Every structure is written in C-alpha cells, then in structure tokens.
Amino acid sequence: MKKINTLFLLISFFALGTGCTDQKLSQKTKISDQQECVVLIHGFLRSSNHLKNLSDFLIENGYYVVSIEYESTSMSISEIADSNLSNFEEHCQNQKIHFVTHSLGGILLRSYLKKNQIKHLGKIVMLAPPNKGSEVADFLSKFKVFNLILGPVVSQLKTDQNSYVNSLGLPNFQFGIIMGNVTIDPISSYLIPGDDDGKVSIENSKLENMNDFLLVERTHNFIVDAPEVKEAILNYFKFGKFKNER
C-alpha cells in the first residue's frame with residue numbers, strides 16, 4: 001500500500017505540472033512612462049503559461065507585465081534565482097516594479113532579494129508560497145527516485161529548521177500572501193497537518209511580517225485564475241490591502 005501511495009503522489013505531482021523552458025518573456029511593446037511593471041514568477045513544474053490569464057488581466061488593467069521562465073528540476077533555488085531573475089529590470093526600465101509569485105516562485109524571489117536590491121521595488125503578492133516548507137517535500141525527499149527526477153529544490157523545501165527555505169530569514173520588503181484552503185489531492189493533504197491547499201499548509205505559507213493575508217476557497221494550482229484573487233492583487237498594488245474597504 002505504501003508503494004502504491006508513493007506512486008500516486010509522484011503521478012499527481014507530474015500530472016499537475018507542465019513543460020518549461022529557460023527563456024524570459026515580456027510584452028512585445030516597450031513600457032511607457034505612465035505604466036508600472038509587474039513581474040510574474042511561476043511555480044514548481046510549471047511554466048509562464050500557468051499565469052497567462054493573470055498576465056492578460058494585469059495588462060488589461062494598464063500594467064506592463066514581464067513573465068519569468070525557468071526550468072525547476074535541474075538547479076537549486078539560489079541557482080535558479082541567480083540565473084533567471086536578473087534581466088527583468090531592463091524590461092521595466094525606471095518604472096515601479098511589482099511582483100506576483102506562485103508557490104516556488106515566492107521562494108525564488110525571496111532568495112534573489114536576499115542578495116540583490118531593486119531600485120524601484122513596489123509591492124509583492126505571493127500566491128500559495130511554501131514559506132516555511134511543505135510536508136510533501138519532507139516525504140518526497142526521503143526517496144532517491146524523487147530526488148533524482150525532481151532535482152535539488154524538493155529537499156530545500158523541507159519543513160525542518162535547517163532547510164534552505166527556513167534559512168532565508170524574514171523578507172525586508174512589503175508583501176502580502178494569498179492562500180487557498182481547498183484540496184483535490186487527498187494523498188498530499190494526508191501528509192500535511194491542519195488545513196491546506198493540497199501542497200502547502202495554510203500555517204506554513206505565513207510569515208510574521210507579512211503586510212496582509214487573504215484566505216480563499218481555491219486549490220494550490222488553480223488559485224492563480226480565481227477572479228477574487230485577481231481583484232485582490234489589484235487592490236494590493238493600489239492600496240496596500242487585499243480588500244479595499246471604503
């Protein structure tokens with residue numbers, strides 16, 4: 001039974017993933033003096049296509065969008081951040097730069113900003129981030145086959161205090177977190193204590209110095225397309241809060 005559950009977990013991990021490339025994508029036109037820039041960073045085993053609807057929404061609302069593309073199974077978190085999060089400023093030029101990250105994307109950004117400064121940094125929204133690790137990573141990292149196939153990132157997302165993600169310290173930028181509380185992955189959720197979104201526990205998404213927190217009835221992967229999440233992102237960029245209370 002344990003072997004069957006392990007196989008099911010591996011299949012579900014890949015079934016929810018997509019192929020990736022190592023290119024960086026941006027809008028074809030140049031940013032204008034009136035625009036603010038939003039950089040999108042996708043999650044583990046995904047690509048920028050996963051954030052396409054969110055990208056289109058932000059463009060329709062007047063933002064200039066840059067989508068970061070990276071391959072997530074061949075390098076460590078710091079290596080991915082160093083090699084893929086370096087050229088977005090040339091697209092955004094001297095305009096304010098916001099970020100929206102999904103899952104691992106939030107950890108990549110935290111890793112990058114721990115060593116680098118962004119001159120015109122705006123606000124950051126993290127969607128479903130494993131900020132304190134994930135019990136799913138604890139489980140997967142026990143098996144050699146998972147480590148070989150999924151790469152070094154998995155073990156870096158473990159929940160123990162010595163893991164890479166728990167060594168990053170608290171961010172020194174303004175950020176809010178949006179987290180889901182619905183799961184369609186019973187095996188992963190079985191591994192996670194408390195409420196979760198199928199990959200990360202609600203508690204492990206939080207950081208004590210977050211500026212705002214919003215809980216929505218969405219799963220880990222589908223949170224990025226939720227209408228209420230898109231509106232909350234706009235509110236956060238404009239007002240510093242997910243809900244604009246008038």
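These numbers come from a predicted model, not from an experiment.
Under the 3.5 Å distance criterion, with hydrogens and angles disregarded, a donor-acceptor pair is assigned to the side chains of Asp196 and Ser189. Side-chain contact check for Asn131 and Ser205: no donor-acceptor pair (N or O, by modelled atom type) lies under 3.5 Å. For the residue pair Asn166 and Ser163, a side-chain donor N or O sits within less than 3.5 Å of a side-chain acceptor on the partner.
Residues Gly106 and Met126 come closest through the heavy atom pair O-CE, 4.3 Å. Closest approach of Ala128 and Met179 over heavy atoms only: CA-SD, 3.6 Å. The heavy-atom pair separating Glu89 from Ile97 by the smallest distance is CG-CD1, 3.9 Å. Heavy-atom minimum distance, Pro130 versus Leu104: CD-N, 4.2 Å. In plain terms, the two heavy atoms of Ile31 and Gln93 that are nearest each other are CG2-CD, 3.9 Å. When all heavy atoms of Ala137 and Val154 are compared, the closest pair comes out as CB-O, 3.4 Å.
Val200 and Val182 are assigned to two separate hydrophobic clusters, defined by single-linkage of ILVMFWY side chains at heavy-atom distances under 4.5 Å. Both Leu168 and Leu170 belong to a common hydrophobic cluster when Ile, Leu, Val, Met, Phe, Trp and Tyr are linked at side-chain heavy-atom distances under 4.5 angstrom. A continuous path of hydrophobic side-chain contacts links Leu45 to Val145 [ILVMFWY only; heavy atoms under 4.5 Å].
Using a 4.0 Å cut-off between a side-chain N of Lys or Arg and a carboxylate O of Asp or Glu, Asp225 and Lys230 do not qualify as a salt bridge. For the pair Glu228 and Arg218, the salt-bridge criterion is met [side-chain N within less than 4.0 Å of a carboxylate O].
At most 12 heavy atoms of other shown residues, nucleotides or ligands fall within 6.0 angstrom of atom NZ in Lys243. Sparse packing is recorded around CD of Gln117, with 12 or fewer heavy atoms of other residues, nucleotides or ligands lying under 6.0 Å away. Annotation: Phe213, atom CZ; neighbour count of heavy atoms from other residues, nucleotides and ligands within 6.0 Å is above 12. Summarising the local packing, NZ of Lys52 is surrounded by 12 or fewer heavy atoms from other residues, nucleotides or ligands at distances under 6.0 Å.
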**Request:** Could you check Val229 against Leu127 for side chain to side chain contact (heavy atoms under 4.5 Å, CB included), going step by step and ending with a plain yes or no?
**Result:** CA-CA 9 Å; Val229 170; Leu127 307 179; 3.8 Å; yes

**Request:** Might you work through the side chain to side chain contact (heavy atoms under 4.5 Å, CB included) test for Val39 and Val65, ending with a clear yes or no?
**Result:** CA-CA 6 Å; Val39 179; Val65 176; over 6 Å; no

**Asked** Do Ile124 and Leu109 pass the side chain to side chain contact (heavy atoms under 4.5 Å, CB included) test, and can you show the C-alpha distance, the side-chain angles, and the key distance before you say yes or no?
**Response** CA-CA 10 Å; Ile124 294 168; Leu109 183 58; 3.7 Å; yes

**Item:** Intermediate values then yes/no, side chain to side chain contact (heavy atoms under 4.5 Å, CB included), Ile223 and Asp197
**Value:** CA-CA 9 Å; Ile223 193 172; Asp197 67 355; over 6 Å; no

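To the nearest 0.5 Å, the span separating OG1 on Thr101 from CD1 on Ile107 amounts to 8.0 Å. For the atom pair CZ (Phe242) and CD (Glu231), the distance works out to 13.0 Å, reported to the nearest 0.5 Å. Separating the CG atom in Leu191 from the CG atom in Leu140 is a distance of 8.0 Å, to the nearest 0.5 Å. Here the CD1 atom belonging to Ile187 is positioned 9.0 Å from the CZ atom belonging to Phe139, to the nearest 0.5 angstrom. Here CD of Glu135 is found 11.5 Å from CG of Leu157. Values are rounded to the nearest 0.5 Å. Interatomic distance, Ser86 OG to Asn116 CG, rounded to the nearest 0.5 Å: 8.5 Å.
A heavy-atom distance below 4.5 Å is not found between the side chains of Leu40 and Ile68. Looking only at side-chain heavy atoms (C-beta outward), Ser134 and Asn204 stay at 4.5 Å or farther from each other. Contact of the His91 side chain with the Cys37 side chain is not registered, since no non-hydrogen atoms from C-beta on lie closer than 4.5 Å. Here the side chains of Asn209 and Pro171 are in contact, with some heavy-atom distance below 4.5 Å. Between Thr73 and Val153 the shortest side-chain heavy-atom distance does not fall below 4.5 Å. When side chains are defined from C-beta on, Leu54 counts as touching Ile233, because their heavy atoms get closer than 4.5 Å. No side-chain heavy atom of His120 sits under 4.5 Å from any side-chain heavy atom of Gln95. Side-chain contact between Asn235 and Phe237 is absent, with no heavy-atom pair separated by less than 4.5 Å.
Ring pair Tyr70/His42 is parallel by interplanar angle, where below 30° counts as parallel and above 60° as perpendicular.
Partners of Glu36 under the side-chain hydrogen bond (donor to acceptor under 3.5 Å, both in side chains) rule, at least two apart in sequence or in another chain, are His98.
The ring-ring contact (aromatic ring centres under 6.0 Å, His included) with Phe99 is formed by just one residue from the set Tyr63, Phe175, Phe88; it is Phe88. None of Glu69, Met75, Glu79, Glu71 except one satisfies the side-chain contact (heavy atoms from CB on, under 4.5 Å) rule with Asn84; the exception is Met75. Screening Ser111, Ser155, Ser76, Ser78 for a side chain to side chain donor-acceptor pair (under 3.5 Å) involving Tyr164 leaves a single residue, Ser111.
Side chain of His102 to backbone of His220: a donor-acceptor contact under 3.5 angstrom is found. The backbone N or O of Gly176 sits less than 3.5 Å from a side-chain atom of Tyr236, completing a donor-acceptor pair. A donor-acceptor pair under 3.5 Å links the side-chain atoms of Asp138 to the main chain of Thr159, judged by distance alone. In this structure, the side chain of Gln156 engages the main chain of Ile77 through a donor-acceptor pair within 3.5 Å. Under a 3.5 Å cut-off, the side chain of Ser55 and the backbone N or O of Leu51 do not form any donor-acceptor pair.
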